[in-house]
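This report concerns only the one structure given below.
Both ligands and their constituent atoms are indexed starting at 1 by order of listing. The model shown is predicted, which means the values in this text are computed figures rather than measured ones.
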Amino acid sequence: MNTRARVTIEGVVPWPEEFEQRYRKAGYWEETSLGSHVARQVERRPDDIALVDGPTRLSYRQLWDKSASCAQYLLDLSIAPGDRIVLQLPNCWEFVALTLACLRIGVVPVMALPAHRRHELTHLASLSDATAIVVADTDRDTDLREVAQQVAAEVPSVGTVLVHGALSPRDTRYAPELTLRAGMDTTPRFVEADYEPNGSDVACLLLSGGTTGLPKLIVRTHNDYVYNILRCNAVSRFDSGTVYLGTLPSSHNFSLACPGILGALFAGGRTVMLPSPAPERALRAIDAEGVTVAATVPAVAQAWIEHQREHHTYTGTTLRVLQVGGSRMPDELAARVEPILGTRLQQVFGMAEGLVNMTRLDDDPEIIITTQGRPVSEADEIAVVDEKGDPVPDGTPGALLTRGPYTPRGYFRAAEHNARAFTAEGWYSSGDIVIRRPDGNLVVAGRDKDMINRGGEKISAEEIENFAYQIDGVDMAAAVAMPDSVLGERLCLYISQAAGHEVTLDDILAVMNAAGVARFKLPERLVIIDEIPTTKVGKVDKKTLRDDIRDRLMNERETLAP
Ligand code: OOB
């Protein structure tokens, strides 16, 4: 434990004192920093490979030195402990070096997704008062440096843009650009002890799946995130022989810390970074690098299974576990993992807000195939309740509430929303409808939150509806999930329009593109109806709309069938 003063950030909701004491006493909170767990492995195995990114292979020592140089670079840029920086990078070793740099000096990364664009990044920078933003130079046809300048133009606190790749060929008008690499290649002259965070300091800000107009930020402290990682490591049996392949964006809680990249680093294992989960390359990488654990979403698992069935290109001899989570895996798909990919399935039902459930590696196949597992910690409190908030018996669907040593008590700077998302006793209302079986395993049976889960990517219905309302002639708008055999769900927008108007999907897309919205949030179908149905209390009746789009899709399929 270090002696540095705590860095406090306004807008963080602490656990009640009584719970803090309980978690410390029980040893759940160790009062250590995330970096210290990696430092231990650097000492133990300096020359073992920690990270593989294409031709780049970094040993524990090299990664640690790069992150130290980077930490010093941030400090030299006057980015101070407690400052927030928006971090948006693809899956690459620089992401890991920079994240470790932040964690070592108490700079707080705001974990943006690679798909985010001006709309989301501006919101994240503004909500967190970020002092810097880190982006790649380009992503396909988007110049992200340009996007970063637009963010800096809107958010005065953003004083620096760090670029992974080449600097802008043009003048930068709102904030100076510097390359990220410049900070990685110097000799480290950084004094760790001066900066090491306390256990209760904020480690990072994760993004909520979002049921509100704009995503909320979730505060993860060193204490709670260390515990999250150690429990996931224990359940997934990560050790120094683990070779981990994460295929989701590294900034997502699943691939970062469940157990993810940080779990592999805590255990002395190795992480393989891939820019995309495309089947051919991913399966080849598993064989070539001797991957033992891969993590992905159901849609990608399905693509891997189909690819393997057709091409039989991969042997998978080293792959011990395939972790699948982020959205509900259909039982039929779960049943195909072991026979076709030759590896054990581990279902992971987690949330950036904390609680992580996993099936255990030695569970019966019936549990692994049909449930989403049980909490990773004995200290996770679970309640499954009816509409009145009363517990329902096991086997009956109900809303999942949770509390525990790594489930924070409130979103960052969101008092009003917190009053709705957390009960007076501090339970987080996940919005998931689950069935708890008598053996303690949970089955995700639906949800009562207004969100679309597009293959693990979460879209807030309200956010999309707000864009629709910007269009002249849109009377009422309702975004709902439409079933999809690949992604599970896609986004369908229903609108009713004022007399004399003819709104098209292109009109909606134009408004969203002009606002710089991430592509995955664009509606994939527009249905115009005379009147949006409402419930008895006057709320939009989304269930009727979901049934309607299901019927439409079914009818279309029948019409198309020969
Ligand atoms: C993970 O985290 P988020 O924050 O992107 O999304 C959380 C939500 C959950 O509340 C639930 O609605 C859904 O995603 N979800 C699942 C699921 N895993 C997540 N729904 C059904 N089955 C599953 N296996 O998605 C996340 C965080 C950590 C580990 C794994 C996933």
Side-chain angles (χ1 to χ4, degrees), residues 111-113 115-116 204-212 215-218 220 224-225 228-229 231-233 235-236 246-263 293-301 322-331 333-334 337 345-359 367-377 380 382 397 399-402 406-408 411 421 428-435 441-461 481 487-489 520:
M111 292 294 184
L113 295 173
H116 284 154
C204 60
L205 292 171
L206 300 178
L207 269 56
S208 78
T211 51
T212 49
K216 297 277 173 277
L217 290 173
I218 301 155
R220 304 301 299 258
D224 89 73
Y225 224 29
N228 181 118
I229 294 164
R231 282 312 310 151
C232 288
N233 264 1
V235 172
S236 299
T247 65
L248 269 62
S250 303
S251 54
H252 192 273
N253 188 33
F254 188 11
S255 33
L256 187 61
C258 303
I261 301 168
L262 291 174
V293 186
T296 198
V297 291
V300 170
L322 180 66
Q323 294 189 303
V324 179
S327 64
R328 176 68 154 93
M329 186 176 213
D331 296 358
L333 177 61
V337 170
L345 170 68
Q346 179 172 50
Q347 295 215 37
V348 184
F349 163 39
M351 49 203 77
E353 284 83 355
L355 177 70
V356 181
N357 304 280
M358 291 178 170
T359 55
I367 293 176
I368 293 178
I369 289 170
T370 63
T371 84
Q372 281 64 58
R374 50 196 180 277
V376 295
S377 163
D380 285 317
I382 296 280
L400 171 67
L401 307 181
T402 186
Y406 62 97
T407 300
Y411 292 100
Y428 167 61
S429 173
S430 71
D432 293 310
I433 304 292
V434 302
I435 295 168
N441 288 294
L442 303 177
V443 176
V444 180
R447 59 175 178 262
D448 65 357
K449 53 184 165 187
D450 210 359
M451 177 256 268
I452 293 98
N453 191 335
R454 188 181 183 277
E457 290 185 303
K458 316 296 179 339
I459 307 168
S460 146
L487 292 170
E489 299 176 1
F520 71 85

**Request:** Under the salt bridge (Lys or Arg N to Asp or Glu O under 4.0 Å) rule, collect the residues that match up with Lys449, sequence neighbours excluded.
**Result:** Asp432
**side chain to side chain donor-acceptor pair (under 3.5 Å) involving Asn233 - partner list, sequence neighbours excluded** = none
**Item:** Residue list, side chain to side chain donor-acceptor pair (under 3.5 Å) with Arg374, at least two apart or on another chain
**Value:** Asp363, Asn441
**Sidechain-backbone polar pair: Arg220 side chain, Cys204 backbone, donor-acceptor under 3.5 Å** = no
**Prompt:** Can Gln347 and Thr371 be said to form a side chain to side chain donor-acceptor pair (under 3.5 Å), step by step?
**Reply:** CA-CA 8 Å; Gln347 295 215 37; Thr371 84; over 6 Å; no
**Closest heavy-atom pair and its distance - Pro298, Gly325** = CD-O, 3.6 Å
**Asked** Got the residues with a heavy atom under 4.0 Å of ligand 1, by chain and number?
**Response** His252, Asn253, Phe254, Cys258, Gly325, Gly326, Ser327, Arg328, Val348, Phe349, Gly350, Met351, Ala352, Gln372, Asp432, Val444, Lys449, Asn453, Lys458
